[in-house]
Amino acid sequence: MSALTPPSDMPTPTTDKITQAAMETIYLCKFRVSMDGEWLCLRELDDISLTPDPEPNPEDPNYLMANERMNLMNMAKLSIKGLIESALNLGRTLDSDYAPLQQFFVVMEHCLKHGLKAKKTFLGQNKSFWGPLELVEKLVPEAAEITASVKDLPGLRTPVGRGRAWLRLALMQKKLSEYMKALINRKDLLSEFYEPNALMMEEEGAIISGLLVGLNVIDANFCMKGEDLDSQVGVIDFSMYLKEGPIAKCSEGDGQITAILDQKNYVEELNRQLSATVNNLQAKVDALEKSNTKLTEELAVANNRIITMQEEMERIKEETSYYSEASKKVNKQERTADGQALSEVKKHLKEETQLRLDIEKELEVQIGMRQEMELAMKMLDKDVCEKQDALAALRQQLDDLRALKHELSFKLQSSDLALKQKSELNSRLEEKTNQMAATVKQLEQSEKDLVKQAKTLNSVAHKLLQKQH
């Protein structure tokens, strides 16, 4: 898990890409997601042996990619199961504001991005899952309609936005599973876009495409004309899949403590990652504010310079008109007397005219620079507003995770108290067992003594009978 830090205070062409990468869910390669009914559990891979022999190397890239595929597949199972159950309980057509549906699209986006090859552009390297989705119309002719609709949407400016719109339209058609299955079956075409060990190239992709068949029972309706799909933050909200309510009874108290500790460790790790993301975004916002201030100062200087040049231009116009009138008067009064002075005045007038033309050209250049600065200021203001909205959303998620952390801590204390009570009850039962064992031994000894006494009495009685006879 690497921290993304801006290379400098000034924004670069890849600032949006870096911010998007920082906002996306960080795969916890040191942990493994496991699913048990409605549970979402994380266990450290150092404590779990995935293969008996030989032990995998946690630093091996293939091992990390396999772990990421397993995590994404489990998250897809949870997301699809929760979406189907909640939609059936809701009993109406879903829209873009439905939270489980939003999380499903975020999980699908991460599945499609896993193992993507970087494409080099003039702005740097770019990873987009829109390229593989465009291939579907060649494999399934029915997909050509939604691909054309996505390309005709006016508000989409980036490949990421077009890919998100394509997923929504495919779900509305109830053919998302069919399209994904057709795409996964052509690994020869996918190899151009994905690494060999990517999710779409392995069996996990086929499993996810099979799970998508269940979504055909859902009715969804999206209005994407006014929705900003280019700048949405794709962060998986794991708190939706953590089990809520009373903890299920287990045969052993240690199993409950382990599950709660796993969830507590996960929440603390996610809390730390979100805090780092918030700090990075705050630093970027500060850098943009500094740049905004600097551009404002430069714009004020340019405005002052334009005003000064306009005043200079007016002064030159007045001088030119004065020299023109003087030249006319001289031509009328001394047309034949002072030809040399007249030529000097004409030369000076020509120089002033040329200077005026030069100043007008420079004024036009300054006006153009001012317009460009004003446009840059508007774009920076919009960028700052978008970053502040994203920062507010991340802070809200951070508060929710902190509340969840407190709740898990309270559950852990309750489990510890129950475990102590069980231990005390167990010790009391052991004491009673020991007492009963001692009583049994005493009864056995008494029985032996009674048997001996009975034998003695029998022998005495036998002797008495013999004497009587």
Side-chain angles (χ1 to χ4, degrees), residues 2-26 96-97 102 105-106 109-110 113 116 118-130 150 153-165 224-237 273-303 366-399:
S2 61
L4 296 172
T5 56
S8 64
D9 292 336
M10 294 297 293
T12 63
T14 59
T15 300
D16 292 338
K17 301 295 181 183
I18 295 173
T19 305
Q20 181 180 1
M23 290 181 179
E24 288 178 350
T25 301
I26 300 173
S96 58
D97 295 330
Q102 293 176 354
F105 286 126
V106 172
E109 183 177 337
H110 282 287
K113 285 183 178 179
L116 269 176
K119 299 292 184 179
K120 293 184 177 180
T121 63
F122 66 95
L123 293 177
Q125 292 185 347
N126 182 23
K127 291 184 178 181
S128 172
F129 58 92
W130 170 240
V150 168
L153 286 174
L156 299 179
R157 302 183 302 275
T158 63
V160 175
R162 288 190 284 271
R164 290 168 176 169
M224 289 175 289
K225 290 186 178 180
E227 190 173 359
D228 188 8
L229 298 176
D230 293 318
S231 61
Q232 287 184 358
V233 180
V235 180
I236 299 177
D237 187 5
Q273 293 297 331
L274 286 176
S275 298
T277 304
V278 168
N279 293 333
N280 290 335
L281 289 175
Q282 188 63 46
K284 290 182 177 63
V285 170
D286 295 337
L288 288 174
E289 289 177 353
K290 291 180 181 178
S291 177
N292 189 4
T293 304
K294 186 176 180 181
L295 288 175
T296 303
E297 294 174 355
E298 291 179 356
L299 182 61
V301 172
N303 289 334
Q366 291 295 330
I367 292 173
M369 290 176 62
R370 178 181 179 182
Q371 294 176 350
E372 291 178 356
M373 287 182 181
E374 290 177 351
L375 181 60
M377 286 286 293
K378 291 180 180 178
M379 294 178 66
L380 282 174
D381 290 338
K382 182 179 179 182
D383 197 10
V384 168
C385 292
E386 292 176 354
K387 297 299 184 297
Q388 288 177 349
D389 292 340
L391 186 62
L394 286 173
R395 282 177 176 168
Q396 182 63 34
Q397 288 192 10
L398 186 60
D399 293 337

Any chance you could lay out the side chain to side chain contact (heavy atoms under 4.5 Å, CB included) test for V160 and E109, step after step, and finish with the verdict? CA-CA 9 Å; V160 175; E109 183 177 337; 4.1 Å; yes
Closest contact, heavy atoms only, [X] versus [Y]:
X: R162; Y: V150; value: O-CG1, 3.4 Å
X: L398; Y: L274; value: CD1-CB, 4.1 Å
X: L153; Y: A165; value: CD1-CB, 4.1 Å

Would you compute the distance between atom [atom1] of [X] and atom [atom2] of [Y] and round it to the nearest 0.5 angstrom?
X: K284; Y: N279; atom1: NZ; atom2: CG; value: 10.5 Å
X: K294; Y: L299; atom1: NZ; atom2: CG; value: 14.5 Å
X: W130; Y: R164; atom1: CH2; atom2: CZ; value: 13.5 Å
X: C385; Y: L380; atom1: SG; atom2: CG; value: 11.0 Å
X: D381; Y: E289; atom1: CG; atom2: CD; value: 10.5 Å
X: R395; Y: Q388; atom1: CZ; atom2: CD; value: 9.5 Å

Any V301 side-chain heavy atom under 4.5 Å of E297 side chain: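 No, their side chains stay 4.5 Å or more apart.
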Within-4.5 Å side-chain heavy-atom neighbours: L281 and L394: yes
Under-4.0 Å salt bridge between K387 and D383: yes
Please determine whether a side-chain nitrogen of the Lys or Arg among E374 and K378 lies less than 4.0 Å from a carboxylate oxygen of the Asp or Glu.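 So E374 does not pair with K378 through a salt bridge.
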Is M369 atom CE crowded by more than 12 heavy atoms from other residues, nucleotides or ligands, each under 6.0 Å away?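 No - once you tally the heavy atoms of other residues, nucleotides and ligands closer than 6.0 Å, there are 12 at most.
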Checking the side chain of N292 only, and the main-chain atoms of L288 only, is there a donor and an acceptor separated by less than 3.5 Å? no
Run V106 and Q102 through side chain to side chain contact (heavy atoms under 4.5 Å, CB included) and show every step you take. CA-CA 6 Å; V106 172; Q102 293 176 354; 5.6 Å; no
